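Taking it in order: structure first as structure tokens, then the write-up.
Note that the coordinates shown come from a computational prediction; the quantities given were computed from them, not determined experimentally. Side chains are part of it too, since the values below use all heavy atoms of this structure and drop only hydrogens, waters and symmetry mates.
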Amino acid sequence: MDEPEPMTLSMPRIIPREELAAVREDLREDPYPEKVDRQAVRDLELRLLGGERTLKRREVAAAAGVSLLSARKLWRALGFANLGDDDMAFTPADIEALTTIIDLVREERLTEEAAISITRSIGQMTDRMVVWQVEAVVEEMVHRLGITDPQARKRLVTELPNLIEPLEQVLLYSYRRQLNAAVSRLTVRAEAGLGARAEEEDDGSLPLLRAVGFADLVSYTSLSRQMNEKTLAQLVQRFEHRCAEIISVGGGRLVKTIGDEVLFIASTPQAGAEISLALAKAIGDDDLLPSARVAMVWGGILSRLGDIFGPTVNLASRLTALSEPGTVLLDSSTAATLAGDERFVLIPQKVRTVRGFGEIHPVTLAHGRGTGLVVD
């Protein structure tokens, strides 16, 4: 007897016709199709917040043993809306969370500045994550159930309770794995002496040596004028997902996306070169995406609030604009770090004048020996 074919992520659950018909019948019989079920919203809020909103902001601050000013600093860092003294907006869970953050400072495990910075990182990342997840679920319901966007957003309230615990588990799992990966990268760099070299070569203002790369879609502006919102969103999402996959496999980190452009870093110039070549090839081979211009520079950076800054970043951005579609461009200093590595071919280009940097000797990077970065 043949074994059943294993399930994969590309095999969605087949919805029985009777279930699909029941969903559509519910929608047809809904007397208020544009109104959200207030009771369902309330039930969801109680579950998410851990109870009724029975506390005012001064009561929460007092229970945590801090001033209202200190509490407001942390709430602002988390991205919460501003509230008045009379607003009944908090639950005991808010006291617990605030106390947890404050205790890190009281016990001198973090300074106040570090605690606020870390709190801000949590607020910004979870805000973007929640918006992303909501939109993904809404889009999935529109396609899977054949309903309108407003209907899907209304139905979301009843769908979310089934997703809360699984998503929380994956979030915690990913956080721990990512934190472990960050520690591993620090260890590797320390053992390789890269941190010491950074201190010797820099004055301390740009302490981190990294490969900084940009990938920029060609003709994005003109394409965006020809596409409707849905098609444009799909193109940007495909571009970002493809880049994130390649950067992750290559051992780099996607710093941010800015519409038609991604910014990434890697710990070595070799890793940055492999990622850059893979991005240019993968995007160029994708029939649904235009070509990409890619550039990479090895040098010192300043890392703050999850973003990166410094002349290295600026130069990589400038070189991206000079790169030909489907190619990777380096500066001569970065090319020198790759010289002699058979995996790469370095092709000098004519001298160019780059705003803010004067004359630059750009070098085109191409594949040499080996398979390059393999994304299975």
Side-chain angles (χ1 to χ4, degrees), residues 48-50 53 55-85 87 89-135 164 167-168 170-183 185-186 204-208 210 212 240 244 247-248 252-259 261-265 300-310 312-314:
L48 290 172
L49 299 187
R53 298 174 184 254
L55 299 170
K56 300 176 183 178
R57 65 181 190 176
R58 288 188 181 278
E59 294 172 326
V60 175
V66 296
S67 68
L68 179 58
L69 177 61
S70 295
R72 289 178 62 192
K73 284 182 181 179
L74 291 169
W75 290 329
R76 280 199 299 268
L78 285 168
F80 295 169
N82 198 28
L83 298 165
D85 285 339
D87 292 324
F90 297 95
T91 75
D94 292 289
I95 298 175
E96 182 179 356
L98 187 61
T99 302
T100 298
I101 301 170
I102 295 298
D103 282 349
L104 292 173
V105 179
R106 286 179 178 145
E107 296 166 8
E108 298 184 345
R109 286 186 276 174
L110 290 175
T111 64
E112 181 179 348
E113 182 180 4
I116 291 175
S117 179
I118 290 171
T119 302
R120 184 174 291 112
S121 77
I122 295 170
Q124 291 184 2
M125 294 302 104
T126 51
D127 174 68
R128 182 175 186 236
M129 180 185 68
V130 166
V131 171
W132 189 336
Q133 290 174 349
V134 167
E135 294 302 321
I164 294 171
L167 292 181
E168 281 184 343
V170 175
L171 174 61
L172 180 57
Y173 162 77
S174 177
Y175 170 74
R176 290 177 176 272
R177 293 286 299 190
Q178 294 287 4
L179 192 57
N180 181 69
V183 172
R185 288 194 295 268
L186 288 173
S205 60
L206 298 173
L208 301 176
R210 294 290 186 271
V212 177
E240 181 173 336
I247 293 166
S248 176
R253 179 171 75 86
L254 195 160
V255 178
K256 62 182 176 182
T257 60
I258 313 168
E261 188 174 62
V262 298
L263 168 61
F264 68 91
I265 58 174
I301 63 168
L302 184 67
S303 178
R304 287 292 183 274
L305 304 178
D307 205 347
I308 59 174
F309 309 90
T312 300
V313 182
N314 297 336

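For the atom pair T100 OG1 and D103 CG, the distance stands at 6.5 Å (nearest 0.5 Å). One finds the CD atom of E96 at 11.0 Å from the CD1 atom of I101 (value rounded to the nearest 0.5 Å). One finds the CG atom of L208 at 10.5 Å from the OG1 atom of T312 (value rounded to the nearest 0.5 Å). Atoms CZ and CZ, from R210 and R253 in turn, are 9.0 Å apart once rounded to the nearest 0.5 Å. Distance CG/L104 to CD/E112: 12.5 Å, rounded to 0.5 Å. Rounding to the nearest 0.5 Å gives a distance of 5.5 Å between CD1 of I308 and CD1 of I265.
Using a 4.5 Å heavy-atom threshold, the side chains of D307 and L263 count as touching. Two residues are said to be in side-chain contact when any heavy atoms from C-beta on lie closer than 4.5 Å; V255 and V212 fail this criterion. The closest side-chain heavy-atom distance from T91 to D94 is below 4.5 Å. Counting heavy atoms from C-beta outward, K73 and I116 have side chains that approach closer than 4.5 Å. With contacts defined as side-chain heavy-atom distances shorter than 4.5 Å, the pair L167/M129 does not qualify. Here the side chains of W75 and V60 are in contact, with some heavy-atom distance below 4.5 Å.
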Task: Derivation and outcome, side chain to side chain contact (heavy atoms under 4.5 Å, CB included), residues L179 and Y175 - done: CA-CA 6 Å; L179 192 57; Y175 170 74; 3.8 Å; yes

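Listed here is the closest heavy atom pair of E240 and L254: O-CD1, 4.5 Å. Scanning all heavy atoms of the two residues, the minimum distance from A64 to L98 falls at CB-CD2, 3.7 Å.
Of the possible donor and acceptor atoms, none in the side chain of D127 sits under 3.5 Å from a partner among the backbone N and O of Q124. Judged purely by atom type and a 3.5 angstrom limit, E59 uses its side chain to pair as donor or acceptor with the backbone of K56. The backbone N or O of A89 lies less than 3.5 Å from a partner atom in the side chain of R53, making a donor-acceptor pair. With R57 contributing its side chain and L83 its backbone, the two residues share a donor-acceptor pair below 3.5 Å. Without hydrogens or angle criteria, S117 side chain to A114 main chain gives no donor-acceptor distance under 3.5 Å. Looking at T99, its side chain does come within 3.5 Å of a backbone N or O of I95 through a donor-acceptor pair. Checked by atom type and distance alone, the side chain of T119 pairs as donor or acceptor with a backbone atom of A115 at under 3.5 Å.
Residue E107 qualifies as enclosed at atom CD: its count of foreign heavy atoms under 6.0 Å is above 12. The local environment of CD in Q133 is crowded, with over 12 non-hydrogen atoms from other residues, nucleotides or ligands closer than 6.0 Å.
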